[in-house]
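To start, the structure itself, in structure tokens.
Every number for a ligand or one of its atoms is a count from 1 in the order of the listing.
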Amino acid sequence: MKQIAVIGVGYVGLVTAAAFADLGNKVIALDIDEGKIARLKRGEMPIYEPGLEELVRRNVHAGRLSFTTSYSEALDGTEFAFIAVGTPSGADGEADLRYVEAAAKSIAQNMTAPLIVINKSTVPVGTGDWVADIIAHNQPEPIPFSVVSCPEFLREGSALSDFMNPHRVVLGSTDKEAAEKVAQLHLPLRAPIIVTDLRTAEMIKYASNAFLAAKISFINEIANICEELGADVEEVAVGMGYDPRIGPLFLKAGLGYGGSCFPKDVKALAHMAEEKGRHPQLLHAVMAINADRRTMAVERVREMLGGDLEGKTVGLLGLAFKPNTDDMREAPAIDIAKALIDGGAVVRAYDPIAMDNASKLMPNVTMCADPYALAEGSDALIVVTDWNEFKQLDLERVRDLMKQPVIFDGRNIYDPEQMCRLGFRYRAIGRPSKCAEQQSTETASV
Ligand code: UDX
């Protein structure tokens, strides 16, 4: 049994702590937010993540997982300290490292024995070296330590299974012995382990996220072209995906990427390049295409409602940036609601779990009890998040409740032919409308 400290109980930190505890280690998770730690001690989760509450409860009960706000308690007798604090975007897109700096200083001031400091937060290339400097300069007396970069690739909504079944573990360090010890901790995960230098490990995380974001913007650009040329992007993606050089994943056209990672990381990578005098043209195109998705959604609905949003009631089906999470960070719903309201529309919404978080960000949006209450009296609905429960709606009931049967499906969850048969005025992303008649009426009314 190894003893591990995890600094920061946000998404990555809490999952890391609970998962390492479940693998049989003794884990002390620390956060400077006393309220958060108090709630965790009472068994209340600060985030919604399937399976997390049960995993935390089980490991706390078994005595392998505990929570504290005290660095001296967290570091007492520990060999490994994971840094998993937030790295929000600064004003110019650069990563704001103030929490990493504070954690490194506190580690330096409270460590009493040799320590391996492992950085899990997504940090600019070069941060590992900087953390090592901060620790060295803030120790009251020199105690040996090493810094290892171990970027986390988990996704919200499937965080536990992503953590437990990684496609690879990336470790970067100048100290091969320390990297080897961290590799041992990950052996039960049975994943390929790549050991490299600090900067390369940090870059692997940015390059991976930027590539995935580029894949999404690519398919969204293809969707725009499909719309003009009468092709179906869903089938194009399937046809492309069989080529192993392309692969089928992350080719879902829609309203673009949101969340806590892709927007921030693509911006930060571009910023790092620009600081060195480079012009990351592709990264800028990825971001611009993504921003356009949100404007496009509002424009489509405006067209479908005859060119004017004034006084129209528009319902958002889904608010979270993706299904199975209550996370509203960089969610397309925020910009879409704002643009609709600016255009004179009355906006309402329903989301299975993100409405509490969302209402703080969008006070002018009325939250509804369920999708049918949302449909009642609406002039149009926009599918913003592809929650499974929206795929199973009683669409005839939805149609009958709506003031006008207009649906803009921003996630391609419905079958265009069926929607046409049911009498909806329906448009999707990068797919031809199956109702030629409907299309011509629509064009006539614009
Ligand atoms: C992502 C990375 O996948 C993960 O490896 C990293 O550690 C953190 O960032 P996450 O933000 O949780 O994870 O969500 P993910 O499932 O990757 O989706 C990101 C966004 O892209 C969502 O807004 C989703 O709707 C969008 N997306 C994803 C698409 O629009 N199309 C796709 O084909 C895939």
Side-chain angles (χ1 to χ4, degrees), residues 10-13 15-16 47-50 52 84 86-87 89 95 120-123 150-163 165-170 191 201-202 204-223 233-234 236-238 240-241 246-269 286-287 289-294 296-297 318-336 351 354 383-388 390 409-413 428-430:
Y11 236 105
V12 170
V15 170
T16 303
I47 48 168
Y48 172 80
E49 182 62 36
L52 185 61
T87 52
S89 277
K120 271 231 164 276
S121 305
T122 302
V123 288
C150 175
E152 183 48 63
F153 298 96
L154 60 79
R155 290 163 300 173
E156 294 182 20
S158 54
L160 296 175
S161 82
D162 286 348
F163 189 97
N165 308 287
H167 295 113
R168 79 295 208 191
V169 173
V170 175
E202 289 165 345
I204 289 172
K205 170 74 188 198
Y206 279 105
S208 302
N209 275 358
F211 186 83
L212 292 170
K215 224 175 158 186
I216 297 168
S217 281
F218 178 85
I219 200 67
N220 282 329
E221 179 139 295
I222 296 294
V233 74
E234 290 291 317
V236 171
V238 172
M240 289 169 67
I246 298 173
L249 306 177
F250 276 73
L251 284 180
K252 186 100 185 81
L255 297 178
Y257 58 81
S260 64
C261 290
F262 289 168
K264 169 170 79 73
D265 293 351
V266 179
K267 229 190 280 172
L269 184 57
V286 168
M287 290 188 275
I289 292 170
N290 199 56
D292 282 352
R293 304 311 289 164
R294 301 163 187 215
M296 173 276 297
L319 291 164
F321 83 97
K322 66 171 194 177
N324 302 320
T325 176
D326 63 353
D327 199 336
M328 286 298 298
R329 283 177 288 182
E330 304 279 342
I334 302 170
D335 290 339
I336 292 174
D351 187 285
V383 180
V384 181
T385 315
D386 41 346
W387 283 97
N388 272 338
F390 299 158
D409 183 354
R411 299 289 179 180
N412 288 353
I413 63 172
I429 302 276

Hey, is [X] touching ligand 1 through its side chain, its backbone, both or neither, going by heavy atoms under 4.0 Å?
{"X": "Leu255", "answer": "neither"}
{"X": "Lys215", "answer": "neither"}
{"X": "Lys205", "answer": "side chain"}
{"X": "Asn209", "answer": "side chain"}
{"X": "Arg155", "answer": "both"}

* Residue Phe153 excluded, over 12 heavy atoms near CZ under 6.0 Å ->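 Atom CZ in Phe153 is packed in, count exceeds 12.
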* Are a donor atom and an acceptor atom from the side chains of Ser161 and Asn165 found within less than 3.5 Å of each other? ->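 Per modelled atom types, Ser161 and Asn165 side chains form no pair under 3.5 Å.
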Any idea which atoms of ligand 1 are less than 4.0 Å away from a heavy-atom of [X]?
{"X": "Arg411", "answer": "25 (O), 30 (O)"}
{"X": "Glu156", "answer": "12 (O)"}
{"X": "Glu152", "answer": "7 (O)"}
{"X": "Cys261", "answer": "8 (C), 9 (O)"}
{"X": "Tyr257", "answer": "20 (C), 21 (O), 23 (O), 26 (C)"}

* **Check: Asn209 main-chain N/O paired with Asp265 side-chain donor or acceptor under 3.5 Å** =>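 Flag not set: sc Asp265 to bb Asn209 has no pair under 3.5 Å.
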* Test: Glu234 and Lys252 ion pair at under 4.0 Å -> yes
* Asked: With a 4.0 Å cut-off, would you call Glu156 and Arg329 a salt bridge?
  ->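 Arg329 and Glu156: salt-bridged.
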* Does ligand 1 have any atom sitting under 4.0 Å from a heavy atom of Gly259? ->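 Gly259 does not count as a contact of ligand 1 under the 4.0 Å cut-off.
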* Asked: Does Gly254 have a non-hydrogen atom less than 4.0 Å from ligand 1?
  -> no
* Consider every N or O of Phe262 and every N or O of ligand 1, then say whether any pair is closer than 3.5 Å. =>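 Between Phe262 and ligand 1, no N or O pair is found under 3.5 Å apart.
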